[in-house]
> 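This is the structure I have questions about; it appears just below.
Each chain gets a letter, A, B and so on, in the order the sequences are listed, and its residues count up from 1.
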Amino acid sequence: MKNAYDLLAERGYLKQCSHPEELRELMGKEKLTFYIGFDPTADSLHIGHYVALMTMAHMQRAGHKPIALLGAGTAAIADPSGKTDMRRLMSAEELDHNAACFQKQMARLLSFEGENAAIFVNNAKWLRELNFLDFMRDIGVYFSVNRMLAAECYRQRMERGLTFFEMGYMLMQSYDFLVLFREHGCCLQMGGDDQWSNILGGADLIRRKEQKPAYALTTALLATSEGKKMGKTEKGALWLDPNKTSVYDFYQYWRNVDDAEVANCLRLLTFLSLEEIAALTAPDADINEAKKKLALVLSAQVHGEEEAQKAALAAEALFGGGGSIEHMPTLRLTVAQIEETGLRVTDLLALGKLCASKSDARRTIEGGGVFMDDEKVADVYAVADKNKLREGIIFRKGKKSFLRVIENN
RNA sequence: GGAUGGGUUCCCGAGCGGCCAAAGGGAGCGGACUGUAAAUCCGUUGUCACAGACUACGAUGGUUCGAAUCCAUCCCCAUCCA
């Protein structure tokens, strides 16, 4: 079997590693236990987390044992890394709920059976009972403030201000690593590259306190086309929960990625072989086929084969002509709604969430961006034809947003 | 605890008694061009019963015919001092 380290490297996951050669050798001859931490600050994972999940899955397939750490304890403190502002603080109940949501979504990619079954741990278990004095004495002494301040992530925050509260984050994350090392023999922590100093802190702590080797490894962050991290507090997050980001939107997102990013996305987010990816993205290949593949495969991984097919069919129907319209976002009007809206186009668009509000709908119509059954809506006061409602009327905003409005019965 | 400067629409940021739903930029949305791409150009971006009304410039009160703009109290942030 291929060395997992090489596998991660050639797919482009690897960013930084504390001891590259040593770790690679170790991964070649032993089955390691490793962990990645996730802060449950929302009730769903988003695509940024997904890269981390992929690395876990690859590692597991290579025989290593993954631990997914749910940071309900650490999330009580805001991680200052890469954030321009402090996060909103969350209650313990909220965090526990979110952790449960994460767990469900992760289960899709990891295996919980066999020798190297994945396990979940929650650092609230040990962090919430920590005694402050003991912690400061046992752990605090190993951290140099000078060194912490020198780290890039803190330097950025220095300009806007940094509280002691936030600096504690690094100590706690390091402590997590130590606990997992002691309880599970976990000697490797992985994570996004923004976590580099935090992860390194833990590896150093273990090396100093336990006199045993521990490793830090970070993966490339998935960036948006603007080069910004897709974080949960930034805009443009793509959620894995279909209620927060519909399967159709999820599919469309990947169908529309930048040409330049397709190959990278395929490598990082799917399990397709490198050969296949190379073929798909070869200079003489049709880049749009590669995008379709990416959208379909990734949607299937996240939402299941059936849902992905539906999204693909809907897209085909809308853009390719032919295909089915069954899976388009649909608004079913009740009798009461028909009366209430009087079938005014502006009202329907707002009701169906195609536009943010009636005012927004009005403006979009004025800008010539709304179509009803492929005919441009010219009048802000336009009303839909009630007779067509039984068959369903297709509204389109711009080129990519559709809504099918149909009588509900 | 003290001093100083701040908190403005999705974000940054101008405005500092009426002409302010608030300049400019970013981001979003729509149009043209395309490949459901990028780049570019144009329009648009609080809500509604849309030539009008209502709600908004940290919070609450006040002054005024009239407040984002002035005053008071409070909350929060930054910088320096302790």
> Using a 6.0 Å cut-off, check whether atom CZ of A:Phe112 has over 12 heavy atoms from anything other than its own residue.
yes

> At a cut-off of 3.5 Å, list every protein nitrogen or oxygen paired with a nitrogen or oxygen from nucleotides 80-82 of chain B, distance to 0.1 Å.
none

> Using salt bridge (charged side-chain N to carboxylate O under 4.0 Å, His left out) as the criterion, list what pairs up with A:Glu307, not counting sequence neighbours.
A:Lys310

> Given the C1' atoms of B:C41 and B:U34, what is the spacing between them in whole Å?
14 Å

> Generate the contact string for nucleotides 37-49 of chain B. Rules: B means base contact, S means sugar-phosphate contact only, - means no protein heavy atom under 4.0 Å.
BS-----SS-SBS

> Quick one: A:Leu349 CG to B:G30 P, roughly how many Å, whole number?
12 Å

> For A:Glu10, check salt bridge (charged side-chain N to carboxylate O under 4.0 Å, His left out) against everything at least two apart and list the hits.
A:Lys2

> B:G35 C1' sits how many Å from A:Ile287 CD1, rounded?
10 Å

> The criterion is side-chain contact (heavy atoms from CB on, under 4.5 Å); which residues satisfy it with A:Ser174, sequence neighbours excluded?
A:Phe143, A:Met170, A:Leu205

> Can you name the residues that form a side-chain contact (heavy atoms from CB on, under 4.5 Å) with A:Cys265, not counting sequence neighbours?
A:Trp254, A:Glu261, A:Leu269, A:Leu294

> For A:Arg11, give me all partners under salt bridge (charged side-chain N to carboxylate O under 4.0 Å, His left out), at least two apart in sequence or on another chain.
none

> Only pairs at least two apart or in different chains count here, so list each side chain to side chain donor-acceptor pair (under 3.5 Å) that has a residue in residues 364-384 of chain A.
A:Asp374-A:Arg396

> Identify, with sequence neighbours excluded, every residue that meets salt bridge (charged side-chain N to carboxylate O under 4.0 Å, His left out) alongside A:Arg24.
A:Asp6

